[in-house]
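Each remark here refers to the structure printed beneath this line.
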Protein chains: 2
Amino acid sequence: MGNRHTSLKDLARELNVSISTVSRALRNHPDISPEMREKVKQLANLRKYSPNPLAMGLLKQETRMIGVIVPDLVTHFYASIISGIESLAKEKGYFILIASSNESAEKEKESIENLRKARVEGLLICLSQETTDTGHFENLLEQGIPLVFFDRVCLQGQIPTVTADNAEAAGKITRHFYEQGYRRIAFISGPEQLNISRERLAGYKAGLEACNLPVDPDLIERCNLSHDSARQAMSRLLKLPNPPDAVFGINDTVAFAVMKEIKEHGLRIPRDMGLVGFTDEFHATVVEPQLTSITHPTFEMGRKAAELFFDKIEKNAPPETIILQTKLVVRESSAKHSD
Amino acid sequence: MGNRHTSLKDLARELNVSISTVSRALRNHPDISPEMREKVKQLANLRKYSPNPLAMGLLKQETRMIGVIVPDLVTHFYASIISGIESLAKEKGYFILIASSNESAEKEKESIENLRKARVEGLLICLSQETTDTGHFENLLEQGIPLVFFDRVCLQGQIPTVTADNAEAAGKITRHFYEQGYRRIAFISGPEQLNISRERLAGYKAGLEACNLPVDPDLIERCNLSHDSARQAMSRLLKLPNPPDAVFGINDTVAFAVMKEIKEHGLRIPRDMGLVGFTDEFHATVVEPQLTSITHPTFEMGRKAAELFFDKIEKNAPPETIILQTKLVVRESSAKHSD
DNA sequence: CTGAAAGCGCTAACAA
DNA sequence: TTGTTAGCGCTTTCAG
């Protein structure tokens, strides 16, 4: 396997100088003669020398790798956040190691261990929907491992986090429904331990109150974010003696499932039932009717999360809480007026 | 930064033995006393020792990292392939480093360099749609860097590849259209340099011939796989004096775009126009009508690609060409008969 | 059965 | 201005 890279030693031997001279020349150390510097650099170029990150890592005790854990890899949402993380990481000369928790607290813990074993310098995490125990995170904190949460977060104040302004966004949705003439607005939420569930629920309630609508517990459903469980939640809403005339799904995946359920019940969207999602998945404009949704600054969220990580390791900045603003994108599924 | 991991040295000092003894004990070396082995292992557990991969890598000249380059990160298709790669990599104790070429040949080259600098042991690549020059791949070959192509491939025979049976699948689609009563079947292809374009085109033509239908060049369009260019291609087809009554889009993203264009022209699917996609994206069942498509064994493709890589480094196996079978999943968009 | 020493590629303190 | 040496964490001869 001719797999070997040129090393400083190779260059030094070829030039009949010492390894340290080569090292210094390449790194523009002041006390090296200009001619030597040039000579070394030329040969390095020719031989395509690139420093061995393993050796550097061992020496400097840094790997220039950061670990990222997301609930799943196949959703556009997380993929887009990861792109954001990667964009800054790349600029800083870092690589990212990606792991998926598959929404399981167990796998999340396992991934943390694996990534630590790989010696990542820090961890950027979006909680699995199962996660309730925060012990392992506090462990990391004590060990001084930089940690950043994004989207689904916990331990705010202690750990830097980036979230969307979930409450505000949910309020916007409720008020939008109201303006369109909907009066019985349901919310299909996710697991209670997730901040996104709690915050969107709070925003939903606040929105209702702002419109002088009552908060009806019957209209608040929960699902585990899967397609099937979202459909079941919608099915329960439809069986209500006094069913809703509009539904807010906690995310677009849920909304897509809900849409199917509504259609199968023979109801028409948006006339019989308004529908709004959250996070503006790529396919929101492909479904019929096109889905009104909240545009979530995913790429920016990833970049900010990475920024918080670098703030920590470069300036040892205190934990910051960043809240990103969202936009309501009105499409067909909630446009009762123009129907 | 209390970021330090326990080292063999730490354990050795604590037990008052030499580093090599600790190393041997942990690795079950035969000539170490059972008691010593136990003592060492216990302490290692207690102190959460895990070998430093950097040190190992430096010593063994292996990083246990493989690089993966895909055209984009945000499509379910690639995400799913990556999951497949990761599943085997994980079993083998390897990590993967992911890079996206963004469909640019330039960025592809750049990614290869970056990953090489990170000292990945091999590269699994899905070509960007721009890639025509294969010089940098041949370079890698000469340097003895293990290389595997998946889905979009080149240099078959020289380099291990995994593809779907594109021609056979495209033939299935054409015949399916024919059976449903469609007679003017169009194909919206992708860039010519891509094997997937060529193979699917060949299968499409073979399918037509098998059904005794003429191959009409007017019915063969090209796009660059983007949403807009796919719509434009469909628009051109619709403006034909004798337009098609069915369209086969080279992938589901294209098919989704085509679907929109058809709808906006006031045509109904599948009655006025049949539509079939390729690769069975997650959202095929969410659009209306649900999209008939080819199920692409993405996860398996990723796993196979990884297998080929390990075959190469473990057994120095010769380049193999694997062709995976596909399945036609008939949904609403092509079901003229039942309409 | 256990220890000492060399070396993987690199930088930095110390010599010359 | 350049060379020598030690050491990052580990395995592996070679010596006891």
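None of the values given here were measured: they were computed from a predicted structure. Naming: A, B, ... by sequence-line order, numbering from 1 per chain.
Judged by the 6.0 Å distance and 45° axis criteria, B:Lys92 is positioned over the aromatic ring of B:Phe310.
Near-neighbour residues of DNA chain D inside residues 35-43 of chain B, defined by a heavy atom below 4.0 Å, are absent.
The two atoms that bring A:Ser23 and A:Leu8 nearest to each other are CB-CD1, 3.7 Å, heavy atoms only.
Listed by first then second residue, pairs satisfying salt bridge (Lys or Arg N to Asp or Glu O under 4.0 Å) with a partner in residues 62-71 of chain B read B:Glu62-B:Arg64, not counting sequence neighbours. Among pairs with a residue in residues 26-50 of chain B, those fulfilling salt bridge (Lys or Arg N to Asp or Glu O under 4.0 Å) read B:Glu14-B:Arg47, at least two apart in sequence or across chains.
Considering only residues two or more places apart in sequence or on other chains, B:Asn114 meets the side-chain contact (heavy atoms from CB on, under 4.5 Å) condition with A:Lys90, A:Phe95, B:Glu110. In this structure B:Thr21 satisfies the side-chain contact (heavy atoms from CB on, under 4.5 Å) test together with B:Val17, B:Ser18, B:Ile32, B:Met36, sequence neighbours excluded. The ring pair (Phe, Tyr, Trp, His ring centres under 6.0 Å) search around B:Tyr49 returns none, not counting sequence neighbours. In this structure B:Phe309 satisfies the ring pair (Phe, Tyr, Trp, His ring centres under 6.0 Å) test with no other residue, sequence neighbours excluded. A search for side-chain contact (heavy atoms from CB on, under 4.5 Å) contacts involving B:Gln158 returns B:Leu141, B:Leu155, not counting sequence neighbours. Every residue meeting the side-chain contact (heavy atoms from CB on, under 4.5 Å) condition with A:Glu103, not counting sequence neighbours, appears here in chain and number order: A:Pro71, A:Ser128, A:Gln129, A:Arg152, A:Leu225.
No donor-acceptor pair closer than 3.5 Å links the side chain of A:Glu300 to the backbone N or O of A:Gly84. Panel note: side chain A:Ser7, backbone A:Asp10; a donor-acceptor pair is recorded below 3.5 Å.
Between B:His5 and the options A:Gln61, A:Arg119, A:Gln143, a side chain to side chain contact (heavy atoms under 4.5 Å, CB included) holds for only A:Arg119.
Between B:Leu26 atom CG and D:dT12 atom C1' there is a gap of 16 Å when expressed in whole angstrom units.
The nucleotide range of DNA chain C contacted by chain A, defined by atoms under 4.0 angstrom from heavy atoms of the protein and reported 5' to 3', is C:dC8 to C:dA13.
Between A:Thr21 and D:dG3 there is a side-chain polar atom (N or O) within less than 4.0 angstrom of OP1 or OP2.
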> What string of B, S and - do you get for nucleotides 5-11 of chain D, 5' to 3', when a contact is any protein heavy atom under 4.0 Å?
Replying inline: --BBBBB
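Remark on the helix from C:dC1-D:dG16 to C:dA16-D:dT1: inter-end axis angle 60°, axes from five-pair C1' superpositions, rounded to 10°.
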